[in-house]
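A, B, ... follow the sequence lines: proteins, then strands. Residue 1 opens every chain. These numbers were taken from a predicted model, which means no experiment stands behind them.
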There are 2 protein chains.
Amino acid sequence: MHQQISVITLGVRDMPRSRRFYQDGFGWRPVFEQDDIVFYQMNGFVFGTWLESALREDARRPSHSRPGAFALAHNVAARDEVSPLMDRLIAHGGTLLRPADEPPYGGLRGYVADPDDHTWEIAWNPAWPIDEQGHVSFRS
Amino acid sequence: MHQQISVITLGVRDMPRSRRFYQDGFGWRPVFEQDDIVFYQMNGFVFGTWLESALREDARRPSHSRPGAFALAHNVAARDEVSPLMDRLIAHGGTLLRPADEPPYGGLRGYVADPDDHTWEIAWNPAWPIDEQGHVSFRS
């Protein structure tokens with residue numbers, strides 16, 4: 001079995017609002033778009049944004065009283081890219097959760113919520129290399 | 001900017017219970033383990049499981065009254081791998097959400113919640129190729 005995650009799907013309540021955040025904020029280009037679902041080809045997997053009602057129905061999760069905490073991270077190549085990207089995301093519908101500061105393990109990171117309140121960490125982590133294809137490797 | 005997600009971090013309330021699900025259920029090997037955090041090197045990014053209290057503190061999210069719906073997917077190579085993997089996950093602390101059936105777009109998929117109630121789709125999707133490195137590509 002591959003040690004892999006194939007798709008990450010976020011539930012979205014307002015698709016134009018979500019598109020603005022991901023396509024204008026992050027600057028990502030979709031590979032597929034419909035009114036209810038958008039797919040983005042990412043670094044080795046597929047990222048989907050789907051109407052939350054449809055995702056709940058598909059996964060048989062009628063209520064999400066406690067889905068549990070989670071976070072997605074987008075790492076950038078240089079320290080001085082963190083705050084400008086956070087500003088751009090906030091300008092496109094994101095909400096500031098934590099201004100960028102230095103974590104104990106080094107680098108720089110802050111947190112922004114997307115328009116559907118999903119947590120994104122924007123980080124510069126010089127210890128974890130990002131190759132030409134955007135693939136990220138763990139290093140301790 | 002790379003069109004990439006660098007890290008997916010799930011909040012976990014009981015680390016041994018979570019380890020059993022991911023290491024014995026999925027069969028994934030960690031690249032780093034501490035009592036409070038475990039990292040797995042995945043297909044082009046890093047997957048982390050972290051004590052939920054620490055993740056909430058780090059991301060400045062004291063409450064998650066409505067974190068929003070999301071799902072992670074693990075795609076397998078063949079139709080007859082879906083149900084055995086779902087069974088193995090359930091045997092290692094997972095909860096059945098939706099038995100495997102055929103979605104409108106073809107293939108086979110079911111849903112299992114991990115021990116912290118995070119949603120996993122286990123899918124055979126013959127339309128989306130998985131290469132030797134486990135990288136998944138969108139095809140419409």
Side-chain angles (χ1 to χ4, degrees), chain A residues 1-11 13 26-29 31-32 39-47 52 55-56 58-61 64 66-77 81 85 97-98 103 111 113 116-119 121 123 125 128 130 133-138 140, chain B residues 1-13 26-29 31-32 39-47 52 55-56 58-61 64 66-77 81 85 97-98 103 111 116-119 121 123 125 128 130 133-138 140:
Chain A
M1 188 187 325
H2 280 126
Q3 184 154 327
Q4 56 105 317
I5 295 173
S6 315
V7 187
I8 301 167
T9 304
L10 298 183
R13 286 168 293 169
F26 271 117
W28 294 344
R29 295 277 72 81
V31 288
F32 182 84
F39 286 114
Y40 302 84
Q41 176 66 53
M42 306 301 288
N43 42 309
F45 62 97
V46 176
F47 173 53
E52 188 175 303
L55 176 57
R56 287 177 188 271
D58 197 66
R60 300 286 189 267
R61 307 225 69 171
H64 268 89
R66 193 213 151 275
F70 79 105
L72 306 177
H74 176 81
N75 288 10
V76 295
E81 293 178 27
L85 176 55
L97 296 172
R98 177 183 190 151
Y111 284 93
D116 290 277
D117 207 23
H118 300 299
T119 304
E121 179 187 15
N125 181 350
W128 289 14
I130 306 174
Q133 285 75 46
H135 298 163
V136 178
S137 296
F138 177 89
S140 61
Chain B
M1 186 187 327
H2 280 125
Q3 184 154 326
Q4 56 105 319
I5 295 173
S6 314
V7 188
I8 302 167
T9 305
L10 298 183
V12 162
R13 285 168 294 169
F26 271 116
W28 295 344
R29 297 276 70 79
V31 286
F32 181 84
F39 285 114
Y40 304 83
Q41 177 66 53
M42 306 302 289
N43 43 308
F45 63 98
V46 176
F47 173 54
E52 189 175 303
L55 175 58
R56 286 177 189 271
D58 197 66
R60 299 285 189 269
R61 308 226 67 172
H64 269 88
R66 194 214 149 274
F70 78 105
L72 305 176
H74 177 83
N75 287 10
V76 295
E81 293 177 28
L85 175 56
L97 295 172
R98 177 183 190 151
Y111 284 92
D116 290 275
D117 207 23
H118 300 299
T119 304
E121 179 186 15
N125 181 349
W128 288 13
I130 305 174
Q133 285 75 44
H135 297 165
V136 178
S137 296
F138 178 90
S140 60

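Of the two parts of F47(A), only the side chain, counted from C-beta on, holds a non-hydrogen atom closer than 4.5 Å to a non-hydrogen atom of chain B. For F39(B), the part lying near chain A is the side chain, with the backbone staying farther off; criterion is any non-hydrogen pair under 4.5 Å. For Y40(B), the parts sitting under 4.5 Å from any heavy atom of chain A are the backbone and the side chain alike.
Each of N75(A), V76(A), N125(A) was checked for a side-chain contact (heavy atoms from CB on, under 4.5 Å) with S6(B), and the lone residue meeting it is N75(A).
If you tally non-hydrogen atom pairs under 4.5 Å between each of I8(A), V7(A), L72(A) and chain B, the highest count goes to V7(A).
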